[in-house]
Structure formats: C-alpha cells, structure tokens
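Residue indices begin at 1 and follow the sequence shown. Only heavy atoms go into these numbers, but all of them, side chains included; no hydrogens, no water, no symmetry mates. Counting starts at 1 for both ligands and their atoms, in listed order.
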Amino acid sequence: MNEMRSAHLPFGDWCYFPRKSLNIVKLAHNPNASWKPVHISIALTSRCEKNCDFCYADSGKDGETLWKLENVVKMVESCDKNGVFAVTLGGGEPTLWNDPTAKADFYDLLNELSSFGCDLSFTTSAVPTVDWARIPHTVIPRISLHHHRELGFIKNEINKAAECRGTIPAVNLLVRKGEIPDLLIAAEKLVKAGVTDFLLLPLRPMGRASGLVSTFIPTEDELHQLVKFFPAPNVKLSSCYRLKNQKDTFLGCGAADWFVSIDEKLCIKSCSFIKTGRVLSHFEYREILEALPFLKRLKCHSKNPE
Ligand code: SF4
C-alpha cells in the first residue's frame with residue numbers, strides 16, 4: 001500500500017512516497033513524456049456552517065453537492081489505478097458531506113477510500129465537529145486556523161485527535177495583512193502542541209474575499225517576514241506564491257499540469273481559484289487528461305512567469 005509512486009513527466013521523473021509525503025524529483029528533459037495530474041483535490045460539498053466572509057469558494061449554510069458515494073469511490077479508485085500520488089477532500093466543510101441514498105456520511109466515505117494506495121487527506125475547519133475516532137489511520141487530516149483568535153479551539157481539536165488517533169493533524173494557517181506577529185505567536189504555540197506540518201495560505205481576493213483586497217491581502221514583505229521567522233522547519237507556502245529571491249522551479253504552481261481541482265458540481269478545473277472547467281460524467285481519470293488542454297489557467301500557473 002505504501003510503495004513509492006512515480007510519474008514520467010516532461011521535466012523529469014517525480015517519485016513520491018505516500019504517507020510520508022516525501023518527494024524526490026530527478027530532473028531530466030523527457031521529450032516523449034506528457035503531463036498528468038498526480039495530485040487531485042475534490043470539493044465534496046459547498047455546505048459550511050462557518051460562512052466566512054473571506055471564503056474563496058463561496059461556501060455557506062445552503063451549500064450543496066452533486067457527489068454520490070459511488071461516484072467519489074469510482075473517481076478515487078480510477079485516480080489510484082492511474083498512479084495518482086494524492087487525493088485531498090475539501091469543500092466547503094467536507095465532514096458535512098453525506099449521501100442519503102447510500103445512507104453514508106463522510107466517515108463511511110473515508111472508510112471506503114482508505115483501502116486505495118494513494119495518499120488520502122482532508123481539510124477541515126472542525127466546525128461543527130470532527131469525529132476523530134472514525135477517521136481511518138491511513139487518512140491525513142489537516143485543520144485550518146483562520147484567525148489567531150481561534151487558537152484555543154484548534155488546540156483543543158488537536159488534543160482530541162491526538163487522543164483518538166495517536167497522531168497530530170497538519171495545520172493550514174490563513175495569513176492576513178497586519179497579523180504576522182500574532183500568527184507567529186500562534187504558530188509557536190502549535191509547535192509546542194506537537195504540530196510539525198504547516199501550510200501557509202495567504203488570503204486571496206477570490207469568492208467572497210474579492211472585495212477585501214486592500215484590507216486583508218498580506219504584502220510580499222509580510223510573507224517574507226512570516227517565512228523567515230516561522231518557528232518550524234520546512235513550512236510550506238501555498239504554491240500560488242513566489243517570494244522575491246526564491247529560486248524558480250520552472251513549473252509554475254503546477255496547476256493543470258500535475259494538479260487539478262474537481263468542485264462540488266463535478267467540474268474539473270485547473271485550480272480551486274478558477275470558476276470554469278469541464279464537467280465530469282464517467283468518474284474516470286481519463287476525463288481529467290482529456291480536459292487538460294481546455295482548462296483556463298491563472299497567471300501563477302505559468303511556467304515562464306514575468
Ligand atoms: S473559508 Fe472554509 S470554513 Fe470558511 S466558509 Fe469557506 S469553506 Fe467554510
């Protein structure tokens with residue numbers, strides 16, 4: 001189940017070790033190789049009780065889904081058979097997903113998916129609650145900290161997860177303008193609570209956050225400060241961002257080459273921040289490959305950024 005996976009891609013061979021999220025890339029020009037997405041994000045639902053005013057996905061209490069249990073299972077199975085490295089479930093709030101016709105909730109779905117060999121993770125705000133005891137051990141949970149004021153609540157969830165599973169969830173930190181010192185203090189407390197896997201997500205002017213640009217979008221200098229003083233090694237910054245002086249990977253962020261997002265309306269998109277794409281109908285990986293040339297991309301997807 002945990003064997004190394006690899007993909008023969010135009011930039012070289014990419015090897016990935018599931019459950020360790022370890023990447024090894026052997027750079028070499030592969031003229032005969034073509035792109036294939038190896039990381040897939042699936043938004044299970046746009047339902048979410050938090051209804052945040054900065055939600056890029058426009059999720060809320062009236063959100064819905066078109067995903068049925070059998071369709072998610074078929075899609076992830078097909079991805080797995082085609083060598084996909086990792087599948088992430090999100091939303092909306094993925095723990096609110098259910099399929100009444102199959103009498104299945106989110107945790108039943110995780111059980112069905114956990115036998116596949118690719119990494120399976122999900123991102124939750126832990127609202128209204130997470131049933132940590134029902135999450136299979138092979139599944140990787142990520143909790144989002146949207147504001148440093150939520151630290152107490154998030155630490156409580158981390159403790160519950162540790163008690164039930166014996167492992168500490170990864171944490172996604174939302175980054176806003178003017179809050180870097182508070183975020184660094186919160187990060188330090190999370191490190192003390194045992195968190196080692198952090199992803200920094202600077203707020204983006206998408207969805208309901210579109211009008212918040214000048215108030216909430218962090219500056220490049222702030223992101224530099226945050227990365228420089230972050231209290232944990234190997235902190236990841238959302239691949240939408242390239243900092244000044246950061247060595248370029250020539251890959252762009254990879255969206256639509258090695259990553260695609262499928263939303264709650266079954267629409268395949270180059271990334272979660274794009275509104276349009278191609279609708280999935282057979283729940284097969286080949287539909288992703290067929291859609292690739294037609295997907296609209298953002299500027300940050302470019303392999304030759306200005
Ligand atoms: S940002 Fe996350 S928690 Fe907030 S409404 Fe959107 S999906 Fe829900």
Got a sec, which pairs hit salt bridge (charged side-chain N to carboxylate O under 4.0 Å, His left out) with one end in residues 23-50, sequence neighbours left out?
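Checked against salt bridge (charged side-chain N to carboxylate O under 4.0 Å, His left out) - neighbours excluded - the pairs reaching residues 23-50 are K50-E150.
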
Does R204 qualify as a cation-pi partner of Y56, given the criterion of NZ or CZ under 6.0 Å from the six-membered ring centre and within 45 degrees of its axis?
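No - R204 does not lie over the ring of Y56 by the 6.0 Å and 45° rule.
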
Show me the side-chain donor-acceptor pairs of residues 92-100 shorter than 3.5 Å, one per line, residues at least two apart or across chains.
from, atom 1, to, atom 2, distance (Å)
E93, OE1, T124, OG1, 3.3
E93, OE1, S125, N, 2.9
E93, OE1, S125, OG, 3.1
E93, OE2, T95, N, 3.3
E93, OE2, T95, OG1, 2.6
E93, OE2, T124, OG1, 2.7
W97, NE1, W67, O, 3.2
D99, OD1, T101, N, 3.1
D99, OD1, T101, OG1, 2.5
D99, OD1, A102, N, 3.4
D99, OD2, L69, N, 2.8

For N82, check side-chain contact (heavy atoms from CB on, under 4.5 Å) against everything at least two apart and list the hits.
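N82 satisfies side-chain contact (heavy atoms from CB on, under 4.5 Å) with S78, Y285 only.
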
Would you mind checking which non-hydrogen protein atom is closest to atom 3 (S) of ligand 1, with the distance to 0.1 Å?
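The closest one turns out to be H146 CE1, 3.4 Å.
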
Once the angle between the rings of F85 and H39 is folded into 0 to 90°, is it parallel (under 30°), tilted (30 to 60°) or perpendicular (over 60°)?
perpendicular

Check against side-chain contact (heavy atoms from CB on, under 4.5 Å), F17 and I24
CA-CA 9 Å; F17 295 81; I24 297 175; 3.8 Å; yes

Just to be sure I understand the site: which N, O or S atoms from the protein are less than 2.8 Å away from atom 6 (Fe) of ligand 1?
C55 SG

